[in-house]
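Below: one structure, written as structure tokens.
For reference, positions follow the sequence shown, starting with 1. Values reported hereafter were calculated over all heavy atoms of this structure, with side chains retained and with hydrogens, waters and symmetry mates removed.
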Amino acid sequence: MKLKQIMSALLFLGIVSCSKDALREYDTLQEKDAVESLNDPYLLSSLIKKTTLFYSGQAYSTTKLPGAVQYIVRNYQGSDNYYTSFQKATDEMYDAMDIIKFADEAINQAEERGSLTHEGIFTIFRVLLFSYMTDFYGDVYYSEALKGREGILYPTYDKQEDIYTGLLEELDSACTLISEGTESVSSTYDLMYASDKTKWLKFANSLKVRMLMRESAKISDAGTRIQEILDNPDTSPVFDSSDDDASIEFVGTTADDSWDGGTLNWTTSDEFDRRRPSKSLVDTLLAYNDPRLEVWFAPVEKPWTSDPSLDGVTFTTTDPNGFTYSSTWEYIDLSNSEISAQYSNILDSNKVYVGFIAGMPGDFKNGNGHYDTAAGGTNGNFKVSKFSQLFRQNSHELLQATIMNSDEIQFLLAEAAAKGLISGSADDYYRAGITQSMERWGVSDADISTYLAQTEVALPEDQAGQLEKIAVQKWMALFLVSTEAYLELRRTDLPYIFDNGYLKNYTFPVRFRYPADELGENADAYEAGVATLSPAQDTEFAKMWLLQ
């Protein structure tokens, strides 16, 4: 498995990033006015870091998206368990635009230098971030975006359909530029692919596949266009290995270059303890005997048992990454009034791995019959798993700031093949997706083979069954790639997890609300954008063109 290690802590701090970083003098100027008089390698390293951290921040740091897709259920202050954050106007659109502003300046400077390869690579990031904006909001500014110097201070919104058309054309251009460019890419500053131009082409074409599948219900030629990519692997390669993943590894020497959940960012364990796996995910992993379960989650501290002989028996578990946990069985003794009072809440007994039920409201420290709330404290629950100690590290080869993984593309191709949009074996793509996901999490070849041999994993004969199975595996594979997990769940309605637990009482949100400043400062464009939604209201339930 490839290690995309950023070259050193010094380098990590030397490239431009979020405002909290120790920025170089030139980078500080760039942050203010999007102009940096540096060469393409510096611009590339800056853009990679900015973008990967933008996506990583929505994967785990906040629980809005990982809560919505039932990866995380909060053990305390858990309004994200039932979509509350979607009710607010959000500024992620502006966060993406800040990076696009940087990308556009990088494109301009590369064009002036005649740096075709770098211009193409910078364009990939521009497309990626504009696609993020339209996918989460609907109509947004695109053709008039960032033209303040040209006098356009109040850009109009483009229709989503037109944005997709333009972005796919930009990707075609990016591929041409990379292919025709003769300048080398610095292996030092290319933090993602270490100067491998073929992998940048794979990234561009894989992004095409993602976007074409996303609009495949709205256009008639999505399958034809994907097939054309697949039929020309020499000129249009796509991700086909976990080594192709668009991600970088954390350094782990300061809070700014470390995984958000590590000890340098979360100095106490409180916030870590508030994030627990959902029962939806844990139960699915258990049903498939999935080896990723032990990589991601810790054994329950005091699991319930129906066997009185096990009461008080302590055992130790060591996970695949060498982290060790201690657990002590507790007998469901109904003669104990405290346990008896919680009996109806004991959903999982005789299990070492347990998740919180989806949509848990309010104060639910007593989930799964946990009664000793005083001992557990504000964030404690001894009857539900925590995340594994992997996610308390500042850096680890398995912790990546991720934009896109190869397994996502394999599952998209499996879906396309199952629907008859492309030729090829849905089963081959499906199994490749599972394999590449497990490789990414350090699962051994032997364990992957054992997993794939299970009858529970095999694709059924019928199309509906195939699509369901593909979606389940894709949902698990996208664990903590929360932006894409959300968009895929929204697009396909698979796996159908929307009524799990208490979520049957809530409606799944399908978009972000526009930033509040849009209504105040760009009202005409905002109102035109809202008018294309169905219903024409700026709510989290209004459907954009892709979903209509």
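- By the side chain to side chain donor-acceptor pair (under 3.5 Å) test, Ser195 pairs with no residue at all, sequence neighbours left out.
- Partners of Phe86 under the ring-ring contact (aromatic ring centres under 6.0 Å, His included) rule, at least two apart in sequence or in another chain, are Tyr486, Phe512.
- By the 6.0 Å and 45° rule, Lys469 does not stack over the aromatic ring of Tyr430.
- Without hydrogens or angle criteria, Ser187 side chain to Ala194 main chain gives no donor-acceptor distance under 3.5 Å.
- Shown here are the ring-ring contact (aromatic ring centres under 6.0 Å, His included) partners of Phe239, two or more places apart in sequence or in another chain: there are none.
- For Leu399 against Trp259, the heavy-atom pair with the smallest separation is CD1-CG, 3.8 Å.
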Legend entry - salt bridge (Lys or Arg N to Asp or Glu O under 4.0 Å) between Glu415 and Arg491, worked out: CA-CA 12 Å; Glu415 175 192 345; Arg491 177 178 71 87; 2.6 Å; yes
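- Although no hydrogens or angles enter the test, the distance criterion places no donor-acceptor pair under 3.5 Å between the side chain of Asp428 and the main chain of Gly424.
- Applying the ring pair (Phe, Tyr, Trp, His ring centres under 6.0 Å) test to residues at least two apart or on different chains, the pairs with a partner in residues 517-547 are Tyr514-Tyr526.
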Considering only distance and modelled atom types, tabulate donor-acceptor pairs under 3.5 Å from the side chains of residues 476-484, sequence neighbours left out.
from: Ser482; atom 1: OG; to: Ala59; atom 2: O; distance (Å): 3.0
from: Glu484; atom 1: OE1; to: Arg210; atom 2: NE; distance (Å): 3.3
from: Glu484; atom 1: OE1; to: Arg214; atom 2: NH2; distance (Å): 3.2
from: Glu484; atom 1: OE2; to: Arg214; atom 2: NH2; distance (Å): 2.2

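- The two residues Gly120 and Ala174 have their closest heavy-atom pair at O-CB, 3.4 Å.
- Scanning for side-chain contact (heavy atoms from CB on, under 4.5 Å) contacts around Ser280 gives Gln70, Ser278, Ala358, Trp475, Asn500, with sequence neighbours left out.
- Every side-chain contact (heavy atoms from CB on, under 4.5 Å) that Ala416 has, sequence neighbours left out, goes to Met213, Leu421, Ile422.
- Among all heavy-atom pairs drawn from Asp407 and Arg440, the shortest one is OD2-NH2, 3.0 Å.
- Residue-environment remark: NZ (Lys197) exceeds the threshold of 12 foreign heavy atoms within 6.0 Å.
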Inset, instruction - Take Glu408 and Lys474, measure what salt bridge (Lys or Arg N to Asp or Glu O under 4.0 Å) needs, and give me the verdict at the end. - result: CA-CA 7 Å; Glu408 174 198 332; Lys474 179 173 61 178; over 6 Å; no
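- Closest approach of Asn205 to Pro237, counting heavy atoms only: CB-O, 3.1 Å.
- Side-chain atoms of Ser395 come within 3.5 Å of backbone N or O of Val251 as a donor-acceptor pair.
- Asp260 places no side-chain N or O within donor-acceptor distance of the main-chain N or O of Ser61, the cut-off being under 3.5 Å.
- Not a single donor-acceptor pair under 3.5 Å links the side chain of Asp538 to the backbone N or O of Val530.
- Classification of Lys202 and Asp240 as a salt-bridged pair holds, one side-chain N sitting under 4.0 Å from a carboxylate O.
- Under the 4.5 Å side-chain criterion, counting only non-hydrogen atoms from C-beta, Tyr94 is in contact with Pro515.
- The closest donor-acceptor contact from the side chain of Thr134 to the backbone of Gly138 lies under 3.5 Å.
- Tyr506 meets the ring-ring contact (aromatic ring centres under 6.0 Å, His included) test with Tyr82; sequence neighbours excluded.
- Taking each heavy atom of Tyr189 and Pro41 in turn, the nearest pair found is CB-O, 3.3 Å.
- Each salt bridge (charged side-chain N to carboxylate O under 4.0 Å, His left out) pair with one or both residues in residues 83-95, not counting sequence neighbours, appears once here: Lys64-Glu92.
- Judged by distance alone, with hydrogens and angles left aside, the side-chain atoms of Ser236 form no donor-acceptor pair with the main-chain N or O of Pro233 at under 3.5 Å.
- Around OH of Tyr154, the count of heavy atoms belonging to other residues, nucleotides or ligands within 6.0 Å does not exceed 12.
- Distance alone, capped at 3.5 Å, is enough to place a donor-acceptor pair between the Gln400 side chain and the Glu397 backbone.
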Inset, instruction - Check the pair Arg225 / Asp172 against salt bridge (Lys or Arg N to Asp or Glu O under 4.0 Å), numbers first and verdict last. - result: CA-CA 12 Å; Arg225 294 165 74 177; Asp172 288 338; 5.7 Å; no
Legend entry - Verdict with reasoning, Glu170 to Thr123, per side chain to side chain donor-acceptor pair (under 3.5 Å): CA-CA 7 Å; Glu170 286 195 57; Thr123 300; 5.3 Å; no
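- Between the side chain of Asp139 and the main chain of Tyr157, no donor-acceptor pair closer than 3.5 Å is present.
- Residues in residues 175-191 take part in no salt bridge (charged side-chain N to carboxylate O under 4.0 Å, His left out) pair, two or more places apart or across chains.
- Here Tyr132 and Phe130 keep their ring centres 6.0 angstrom or further from each other.
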Inset, instruction - Give the intermediate values and the outcome of salt bridge (Lys or Arg N to Asp or Glu O under 4.0 Å) for residues Asp244 and Lys199. - result: CA-CA 6 Å; Asp244 297 333; Lys199 290 188 183 295; 2.8 Å; yes
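- When each of Glu111, Glu112, Glu105 is paired with Gln109, the side chain to side chain donor-acceptor pair (under 3.5 Å) condition holds for Glu105 and for no other.
- Aromatic rings of Tyr60 and Phe387 (six-membered ring for Trp) have centroids within the 6.0 Å cut-off, being under it.
- In this structure, the side chain to side chain donor-acceptor pair (under 3.5 Å) partners of Arg292, at least two apart in sequence or on a different chain, are Asp290, Ser437.
- Other residues, nucleotides and ligands contribute only 12 or fewer heavy atoms inside 6.0 Å of the NZ atom of Lys543.
- Applying the side-chain contact (heavy atoms from CB on, under 4.5 Å) rule to Gln87 yields the partners Thr84, Glu540; only residues at least two apart in sequence or on another chain are considered.
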